[in-house]
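Naming: A, B, ... by sequence-line order, numbering from 1 per chain.
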Protein chains: 2
Amino acid sequence: MKIQELADKMGLTIHTIRFYEKEGLLDDRHVRRERNNYRNYSDKAVERLKLIKKFQSIGCSLAELKGVLQDHDANTHTNQQIIDWIRSKKKEIESKKEEYDQILDTLNKMLEYRTLLMDDPQKAQEMLKAWHAGSSD
Amino acid sequence: MKIQELADKMGLTIHTIRFYEKEGLLDDRHVRRERNNYRNYSDKAVERLKLIKKFQSIGCSLAELKGVLQDHDANTHTNQQIIDWIRSKKKEIESKKEEYDQILDTLNKMLEYRTLLMDDPQKAQEMLKAWHAGSSD
DNA sequence: ATAAACTATGAAGTGAACTCTAGGGCAAGC
DNA sequence: GCTTGCCCTAGAGTTCACTTCATAGTTTAT
């Protein structure tokens, strides 16, 4: 499979694929060279890129991913270590979600205030005062 | 108030504050110069930085923020426009949250599989097969 | 008086994950 | 055999939000 074909199949650009290779996320199980020096990708490349996408989607940086994949290839870790890793990753994501919840809280308050401002400016004023008094804002 | 004092008060570095000024987020209501060319910050600077932090915390880039603050200063927008903006911002954040939910789903499945692998490798194998059959993975 | 601690400037550096460019080599159709 | 359209490389550019640096002037403490 040539690079553009793989790119289309995976929804990536050819630049990204070459970039991943340069970063050491693909090796000769995934890419070989033809006589003309064109890259020729195996089906394992597709699997690899899917794996990369999956790990990326669970919030891994490419650097972290590189470690994970190397260990994955080398079968370095015990099941318990993997479980621990998943748990810590979960915590990471959960705290990010909490951040977003706080953002939503703020936006909701803003919305409430603005909506009230259209219906009952008086009450909106009161709300603003209560807000200023109550929080660190 | 000199720059270090403001920085301490706001939990920012002096570099960041100067950077914000350079980016046009502060103007002469917030900073003036003394005879020695040192910056002198008013209380409005504190308010401004709080506002910046708030908007940043609701997921605004500095560029977006700049627009928001300029409009805020100029009183450009109607209440309805602001409400619309908040609504679109909410959607943005909500979709980010959904992404994280999907990530958590994946992590939970991974965890389930790995846990099962310790207790009952047979069943774990079945689970893996079911997974491969059922989803696009 | 001198050193330490603060202030100023403009410019360059950081890191992540691409993205694009220049300058060239192959391949397939007409 | 010429054009079009892939492919190659090395390296520079992009975005964001800072951060660091080099250099220099000012204020404060001893």
Side-chain angles (χ1 to χ4, degrees), chain A residues 1-26 28 30-42 45 48-69 89 92-93 96 99 103, chain B residues 1-28 30-42 45 48-70 89 92-93 96 99 103:
Chain A
M1 197 182 337
K2 280 192 286 185
I3 194 165
Q4 186 62 64
E5 196 185 337
L6 180 63
D8 291 344
K9 191 174 281 187
M10 298 304 302
L12 298 169
T13 72
I14 58 175
H15 308 292
T16 303
I17 293 171
R18 285 198 281 244
F19 172 72
Y20 286 167
E21 183 183 340
K22 203 173 60 185
E23 294 293 294
L25 298 171
L26 304 174
D28 58 3
H30 316 105
V31 216
R32 304 259 165 102
R33 295 307 181 104
E34 291 177 5
R35 259 156 264 91
N36 54 17
N37 198 32
Y38 285 15
R39 287 174 181 81
N40 190 339
Y41 293 92
S42 68
R48 184 61 143 206
L49 290 176
K50 276 187 191 169
L51 204 57
I52 290 173
K53 281 191 154 189
K54 172 127 273 168
F55 276 102
Q56 240 181 352
S57 84
I58 65 175
C60 285
S61 69
L62 289 189
E64 191 175 7
L65 199 49
K66 195 178 168 181
V68 170
L69 286 177
K89 210 69 206 162
E92 208 179 287
I93 301 301
K96 281 186 189 170
E99 253 181 61
I103 296 173
Chain B
M1 198 183 338
K2 280 193 286 187
I3 195 164
Q4 186 62 64
E5 197 184 337
L6 180 63
D8 291 343
K9 191 174 281 187
M10 299 305 301
L12 297 169
T13 72
I14 59 176
H15 308 291
T16 302
I17 293 171
R18 284 198 282 246
F19 171 72
Y20 286 166
E21 183 182 341
K22 203 174 58 185
E23 295 293 294
L25 298 172
L26 304 173
D27 60 34
D28 59 3
H30 316 106
V31 217
R32 302 262 165 101
R33 296 307 181 106
E34 291 177 5
R35 258 156 266 90
N36 55 14
N37 198 32
Y38 284 16
R39 288 173 180 81
N40 192 337
Y41 294 92
S42 69
R48 185 60 145 207
L49 290 177
K50 277 186 190 170
L51 204 57
I52 289 173
K53 281 190 156 192
K54 170 126 274 167
F55 277 102
Q56 242 182 350
S57 84
I58 65 174
C60 285
S61 69
L62 289 189
E64 192 175 5
L65 199 49
K66 194 178 168 182
V68 170
L69 286 177
Q70 273 168 2
K89 210 70 204 160
E92 209 179 286
I93 302 299
K96 281 185 189 169
E99 253 181 61
I103 295 173

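Side-chain nitrogen and oxygen atoms of B:N36 include at least one within less than 4.0 Å of the OP1 or OP2 phosphate oxygen of D:dT27. Of the side-chain N and O atoms in A:Y20, one or more sit less than 4.0 angstrom from OP1 or OP2 of C:dC18. The phosphate of D:dT19 (OP1 or OP2) has a side-chain N or O of B:T16 nearer than 4.0 angstrom. The phosphate of C:dC6 has neither OP1 nor OP2 within less than 4.0 Å of any side-chain N or O from B:R39. Distances shown here put every side-chain N or O of A:R35 at or beyond 4.0 Å from the OP1 or OP2 atom of C:dA27. Contact annotation: B:T13 reaches the phosphate of D:dT19 (side-chain N/O to OP1 or OP2, under 4.0 Å).
Rounding to the nearest 0.5 Å gives a distance of 10.5 Å between CG of A:N40 and CZ of A:R33.
Within 4.0 Å (heavy atoms only), B:I14 reaches no atom of the nucleic acid at all. Here A:R18 lies in heavy-atom contact (under 4.0 Å) with a base. Here B:R33 lies in heavy-atom contact (under 4.0 Å) with sugar-phosphate atoms only. Residue A:Q56 is in sugar-phosphate contact alone, with no base atom involved, counting any heavy-atom pair closer than 4.0 Å across all strands shown.
Rounded to an integer number of Å, the gap from CD of B:Q4 to P of C:dA8 is 10 Å. One interatomic measurement links the two molecules: CD1 of B:I17 to C1' of C:dA8, which rounds to 15 Å at whole-angstrom precision. A straight line from CD of A:E34 to P of D:dC6 spans 16 Å, rounded to a whole angstrom. As rounded to whole Å, 13 Å separates atom P of D:dT19 from atom NZ of B:K22. Rounding to whole angstrom units, NE2 of residue A:H15 and P of D:dT9 are separated by 13 Å. For B:N37 and D:dT23, the CG to P distance is 21 Å, given to the nearest whole Å. Between the CG atom of A:N40 and the P atom of D:dC8 there is a distance of 10 Å, rounded to whole Å. If you take NZ of B:K2 and P of C:dA5, they are 14 Å apart, rounded to a whole angstrom.
Taking a cutoff of 4.0 Å between a charged side-chain nitrogen and a carboxylate oxygen, A:E5 and A:K2 do not qualify as a salt bridge. Using a 4.0 Å cut-off between charged nitrogen and carboxylate oxygen, B:E21 and B:R39 count as a salt-bridge pair.
Residues B:Y41 and B:R48 form no side-chain contact, since every pair of their non-hydrogen atoms from C-beta on lies 4.5 Å or further apart.
Among the nucleotides C:dA17, C:dT7, D:dC18, the one closest to any side-chain atom of A:F19 is C:dA17. Nearest nucleotide to the A:I3 side chain, out of D:dA17, D:dT27, D:dC7: D:dC7.
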Can I get a per-line list of side-chain donor-acceptor pairs under 3.5 Å for residues 12-19 of chain A, giving both atom names and the distance, sequence neighbours left out?
unit_1, atom_1, unit_2, atom_2, d
A:T13, OG1, A:H15, N, 3.3
A:T13, OG1, A:T16, N, 3.1
A:T13, OG1, A:T16, OG1, 3.0

